[in-house]
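Take a look at the structure below.
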Number of protein chains: 2
Amino acid sequence: MTVDKAALLEARGIKPSAQRVAIADYVLHTDEHPSADEVWARVKRVFPMVSRATVYNTLNLFVAKGLLRHLVLTEGRLVFDSNVDQHHHFIDEETGKIYDLPWDTLEVSRVEQLKGFEVRDYQVLVRGRKRPTRGAR
Amino acid sequence: MTVDKAALLEARGIKPSAQRVAIADYVLHTDEHPSADEVWARVKRVFPMVSRATVYNTLNLFVAKGLLRHLVLTEGRLVFDSNVDQHHHFIDEETGKIYDLPWDTLEVSRVEQLKGFEVRDYQVLVRGRKRPTRGAR
DNA sequence: TCTAATTTTAGACTATGTCTAAGAGGTGAC
DNA sequence: GTCACCTCTTAGACATAGTCTAAAATTAGA
Ligand SMILES: [Mn+2]
Ligand SMILES: [Mn+2]
Ligand SMILES: [Zn+2]
Ligand SMILES: [Zn+2]
C-alpha cells in the first residue's frame, strides 16, 4: 500500500518523502472529508514527529497536483476531498459530516444556458439529516 | 428608509438601536454578499464609533431572526445574504464575487428520492467566470 | 565525501470570529 | 425628575485556522 502511494506520488512529480507518503496513505483513501488538522492528528498516530506546517504544505501540494480537491462547505472548515471526480455533497446539519452523492443520482437542468456566466464546474449542495443506516456499518 | 428599517426590526422583535438600524440600512439592501468585516468597514463610514463586536452580534442576531442567511461558500469567508428566499449561487473564481441565481433558472431532479437522506434544503453551486455585462452597469 | 537543493520543523504571524467585563443608554416605577 | 434595572455597546482579550519564516535535517548528485 505504501509502495503504491510512493509510485502514485512520483507519477505526479512529487518526491515521495516519508512524511508525504504517510499523509497520502490516509488522505487519498478516506471518504471522511477531513480538515487539515484532522489529517494532522491522524498522521501523527503513525508519524508522531510530523509538523503542522508539513501537513498543510503537503495537502496544498496534493491539491495543486490534482490528487485532492478542497471544499469550503461548512463553517470555518476547509475540507479535503479525495474524490476528484465530479459529484454532489450532502451535509448532515446535526453532525457536520459530509457525504458524497454520486454524480448521476441528481440531475441539474439548464446550467449551460445561464446567461452571462461561463460555467466551469457545478454541484448540488444538499443539507439535512442522514437517516440511520440499518444493518451494515 | 431608516424609518422603514426601524419598523422592520421591531416587527421581528429587535430593538432598533441606532447601531442596528445603521447596519440594517446597508446589509438588508445589498446583493453583494458581504463578510462581517466588510459590513463593519461600510457601517463605520456613517457610524465611525461602532464596534466590531456590535457588528458581529447584530449580524448574528439578524440571522437568528430570519432577516439574513449566512453562507460558507468561499475560502475563509462567512458571508451574509439578504436574500432569504431559496436560490442558487454563482461564484466568480477570479474575483471571488458571489451572484444570486433565481430559483427557477435551474432545475434539480431526483433530490427528494435520495435514499437514506432527509433533505431540508438544497441549492446548486456554480463556479466559473462572469462575462462582462455590456451596456448597463 | 562534499556540496547544493529540497524538505521539514517550530514557532511567529495573520485573519476571522467569539467572549468578557465594564460602561453607556434607555425605560418604567415612583 | 430621579432612581434602579435592564439591554446594548465597547475595547480588548482570547480562540482557531491557516500562512510564513528561518534554521535544521535530509536527500541526491558531483
Ligand atoms: Mn483545518
Ligand atoms: Mn468576516
Ligand atoms: Zn466529496
Ligand atoms: Zn444569495
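Chain identifiers are assigned alphabetically (A, B, ...) following the order of the sequence lines, protein sequences preceding nucleic acid strands; residue numbering begins at 1 within each chain.
Ion pairing between A/E112 and A/R110 fails under the 4.0 Å rule for side-chain N and carboxylate O. Under a 4.0 Å N-O distance rule, the pair A/R127/A/D92 does not qualify as a salt bridge.
The phosphate of C/dT9 (OP1 or OP2) has a side-chain N or O of A/T54 nearer than 4.0 angstrom. Contact annotation: B/R52 does not reach the phosphate of C/dT16 (side-chain N/O to OP1 or OP2, under 4.0 Å). Between A/Q19 and C/dT9, a side-chain N or O to OP1/OP2 separation shorter than 4.0 Å is present. Between D/dT7 and B/S17, no contact under 4.0 Å exists linking OP1 or OP2 to a side-chain N or O.
Of the candidates D/dT9, D/dT10, D/dA17, the closest approach to any side-chain atom of B/M49 belongs to D/dT10.
Rounded to whole Å, atom C1' of C/dG17 lies 5 Å from atom OH of B/Y56.
Side-chain atoms of A/R12 and A/L67, non-hydrogen and from C-beta on, do get closer than 4.5 Å to each other.
A cation-pi arrangement, defined by a distance under 6.0 Å to the six-membered ring centre and an angle within 45 degrees of its axis, is present between B/K130 and B/Y99.
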What string of B, S and - do you get for nucleotides 20-30 of chain D 5' to 3' if you count protein non-hydrogen atoms under 4.0 Å? B----------

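Overall, the helix from C/dT1-D/dA30 to C/dC30-D/dG1 carries an axis bend of 10° between its ends, with five pairs at each end and the value rounded to 10°.
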